[in-house]
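Please read the structure below before turning to the comments.
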Amino acid sequence: MNRKTVSLAFALAFFAAAGYAQDTTATDSTATDSGTATSTDSSSTDTGTSATTDTGTTSDTSTDQQADNPAANENAPPGPDANADQPKPVADSVAQPMLASGPRERNGTPLVPEQPVWNSFHGQLSAQKYSPLTQINPDNVGDLEKVWQVHTGDVSDGSGDKPATVWSATPIFANDTLYIGTPFYRVLALDPATGEQKWAFDTKSKLEALTQPALKNRGVAYWQAENPVAGKVCQKIVYIGTMDAQLFALDADTGKPCPDFGDDGVLNVDKWNTVNDSFPLSVLQPPTVAGNHLILGWAGQDWESAEAPPGAVFSVDAQTGELQWSFETLPENIRRKTGTANVWTAMSVDPGLNMVYLPVASPSPNYWGGNRTEQIPYATSTTALDLDTGKVVWSRQWVHHDIWDYDINSAPTLMDITVDGKEIPALMQGTKMGFLFVVNRETGEDVWPIEERPVPQGDGTVKGEVYAKTQPFPTKPAPLLDQSKKPEVWGIADLVSGGACSKLFDNLTYEGMYTPPTTKGEGTLAYPDSAGGVQWGGVAFDPDAQIAVVNTSHIVQYIKLWERQDYEQNAGGSGNENGFYPQKGAPYGMSLGNALNSLGMPCWKPPFGELVAIDMHTGDVKWRKPLGSSQKYGFFMPESMGSPTIGGPAVTKSGLIFIGATMDAKARAYDIQTGKELWSSQLEAPVVANPAIYEYKGREYVAFISGGNSILKPTVGDMVAVYALPEN
């Protein structure tokens, strides 16, 4: 066979055998969203882990207008609408920042810590995923070797008595220890140089898929006292949450529960779940630790019901678990008929401004908004709160009246940039839509213009719905994928399926990215899909080079609304984030599918995923390239096609990008200036989180968690793999 024939054969074998993308599109399920309202309320050890030294590394040297908040002091949401029964266009009035107070002055706390730290989910509170370490650089990264690996034993492919695992944790390095949370809700404390276990703690949480289709964990959080009390326990604490809404606090030195926190070391977060409490407030994302605050969001259950617990963010005392304040994202008058608009992913903090930045998800139900035609300014937004009070400083809504499940799904990246010679305290928000919104993080005002543009108004088939007239579009940076036109059909997939792809695309409603869901035909073409152009890994940033780096996925889905009677007659099963979902309480059920032909091949033209670098002086793309390769059952597709990605990058001062995120389960390193691939190593399952970079006893390490996510491929893992340069 010639090369093209081989490639086609591989394509057919790979996609047909794998049923590719039957599961490639999901979001981290949780998504949910909601308004505002800040209330001030108050004021065993397990050794089942093994570490081995391994040098089996492969080296590849080839290459919002709301005017000022009318109730700024109360953080009150918009009041009841006297004309609520009269449908009216919604949400084109929240394009400019909802500024509740004027610009703040920073104190002397630097945005980027002066010393290398990786003691939180995104490395630092700024979410830059940046390390100032330089020992590993573009010249020697090809020599990296795996210096230790650990298999935790906490893994399930779903074939046994446990749901499948999804492990999206990033290790944290603190207290001279590498701390890791597992999808069985255990905490491991490991020697950072050898992987030898120091201690382990088992929460003994129910291993049941209570809110998610799988057992999920995104790791742990770390706190230490500014003025520790000698001889007293829990002056350093590690936290882990569970799907049944329990937050555990453990002494970082011993792994024993902290007696002064919650109820003997356990805080029941679900005690605040008092409205539409149809599911627990799953604590899958580790808390954001800022000073003595633990900022908690929660994950929920998407697509099941119109009514769901309303989005709320809680700040609790890091040592006692006592509630300090809470922030409600849904206006009080509609909380009982909708829900979510929660924060299920990481947050970022500027200690100098004393502000925490929330990426807020969409309200329920996700694909029909007839029960929530009132404005919900904080839904699908970035909202900045005062860290001590939880009061809104500013807010920007990125999708008005979200009916596409376009949650804001990653922590905004805080960065100081110089544009046209002017230094700007900026914030970049990556989004599922493939847009990167850049604003002044003190005020929420545009850095480059963000324009309100008219969007499609539906085909009239959906009752009760009232669409937003406009949506925000950034003028810079350019979109990470081209949503300005209907994606092209992939010729190979169309040919081998006898034109099925073209037929499918012809039967899908499409008038642009914000085409509303419909009841007609096969439904509405959705691009990007609900998993998004950007995932929870978010944007990394090199503050010296002023380069932002982000990985993206290019996936086409289609969404259809079903009249209730039709839904009951036609609904089939559901997979991991696709299939049929009832949206109970709404007049429509919904179905979500990936645009595949009968052989399982993607109908849209590759690339399926890319890595993109942006010059933040200008907002221009510096380079972009396909990232990784699509792979299952041993067949690799050409890297020129790229791979759907989950997870994200980390960057170093020496000019490197480290990233996993791809279907082919490889860890990779790239030159940040050119995008050239400099190194790779094969792992057992995709790395679906950001790597961690740390220094211990003078040696620099890079740690990847190879845990997998069935959204990408069925293979899951329980492997921690740590790399360093050879010792002399």
Side-chain angles (χ1 to χ4, degrees), residues 3-16 18-25 432-435 478-513 515 522-535 550-559 578 592-612 621 623-632 635-646 661-664 675 711-713:
R3 185 173 180 176
K4 289 184 178 178
T5 308
V6 170
S7 295
L8 176 58
F10 275 21
L12 291 172
F14 156 55
F15 287 112
Y20 168 71
Q22 294 298 334
D23 57 1
T24 53
T25 49
K432 287 186 174 183
M433 300 84 77
F435 289 141
L480 294 170
L481 60 172
D482 187 358
Q483 331 94 320
S484 67
K485 58 185 179 182
K486 195 173 187 175
E488 293 184 48
V489 172
W490 187 19
I492 296 176
D494 200 34
L495 178 64
V496 301
S497 62
C501 287
S502 294
K503 184 178 180 180
L504 173 62
F505 274 43
D506 290 343
N507 286 332
L508 293 175
T509 299
Y510 184 79
E511 299 176 86
M513 182 174 66
T515 302
E522 297 289 343
T524 297
L525 186 147
Y527 182 72
D529 70 307
S530 64
V534 176
Q535 275 278 358
V550 62
N551 54 295
T552 183
S553 294
H554 303 191
I555 304 293
V556 176
Q557 281 186 318
Y558 54 105
I559 304 163
N578 62 18
L592 188 68
N594 300 307
L596 310 174
N597 65 19
S598 59
L599 298 173
M601 297 173 65
C603 282
W604 65 97
K605 190 176 181 179
F608 305 122
E610 293 182 290
L611 188 63
V612 184
V621 171
W623 53 261
R624 63 189 306 157
K625 63 176 295 176
L627 173 60
S629 64
S630 301
Q631 180 267 333
K632 284 183 179 176
F635 294 100
F636 288 84
M637 298 299 292
E639 291 202 8
S640 61
M641 294 183 180
S643 164
T645 67
I646 298 179
T662 53
M663 289 180 71
D664 57 13
I711 296 170
L712 277 179
K713 60 188 294 187

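Not measured: the values here are computed from a predicted model. Any value given below was found using the heavy atoms of this structure, including those in side chains, with hydrogens, waters and symmetry copies removed.
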I'd like to check the side-chain hydrogen bond (donor to acceptor under 3.5 Å, both in side chains) partners of Thr509; sequence neighbours left out, ordered by chain and number. none
Ignoring hydrogens and geometry, is there a side-chain-to-backbone donor-acceptor pair from Ser497 to Ser598 under 3.5 Å? no
Results of side-chain hydrogen bond (donor to acceptor under 3.5 Å, both in side chains) for Ser484 - residues two or more places apart only: Asp482
Less than 4.5 Å apart, any side-chain heavy atom of Leu712 and any of Pro644? yes
Do Ser629 and Ser643 have side-chain heavy atoms sitting under 4.5 Å apart? no
side-chain hydrogen bond (donor to acceptor under 3.5 Å, both in side chains) with Thr645: which residues, sequence neighbours excluded? Asn551, Ser553
Tightest non-hydrogen contact, residues Ser640 and Pro626, listed as O-CG, 3.3 Å
In the structure I gave you, are the side-chain heavy atoms of Met641 and Ser630 within less than 4.5 Å of one another anywhere? no
Value rounded to 0.5 Å, distance of CZ in Arg624 from CD in Glu610: 4.0 Å
Got Trp490 and Cys501 here, is their nearest side-chain heavy-atom distance under 4.5 Å? no
I want to check something: taking the side chain as every heavy atom from C-beta on, are Met513 and Pro528 in contact at a cut-off of under 4.5 Å? yes
Please report the shortest heavy-atom distance between Ala526 and Ile559, naming the atom on each side. CB-CD1, 3.9 Å
Listed partners of Asp664 passing salt bridge (charged side-chain N to carboxylate O under 4.0 Å, His left out), at least two apart: Arg668
Closest non-hydrogen atom pair, Tyr527 against His554: OH-CB, 3.6 Å
Can you find a pair of side-chain heavy atoms, one from Leu525 and one from Thr515, that are under 4.5 Å apart? no
Grab the two heavy atoms, one from Tyr558 and one from Leu508, that are nearest each other, plus how far apart they are. CB-CD2, 3.5 Å
Tyr510 backbone acceptor or donor facing Lys486 side chain under 3.5 Å: no
Less than 4.5 Å apart, side chain to side chain, heavy atoms only: is that true for Leu481 and Pro487? no
Determine whether a donor-acceptor pair (N or O, by modelled atom type, separation under 3.5 Å) exists between the side chain of Asp529 and the backbone of Gln557. no
Hey, what do you get for CE (Met663) to CZ (Phe608), rounding to the nearest 0.5 Å? 9.5 Å
Strictly by salt bridge (charged side-chain N to carboxylate O under 4.0 Å, His left out), give each pair with a member in residues 488-505 just once, sequence neighbours left out. Glu488-Lys605
The criterion is ring-ring contact (aromatic ring centres under 6.0 Å, His included); which residues satisfy it with Phe435, sequence neighbours excluded? Phe437, Phe473
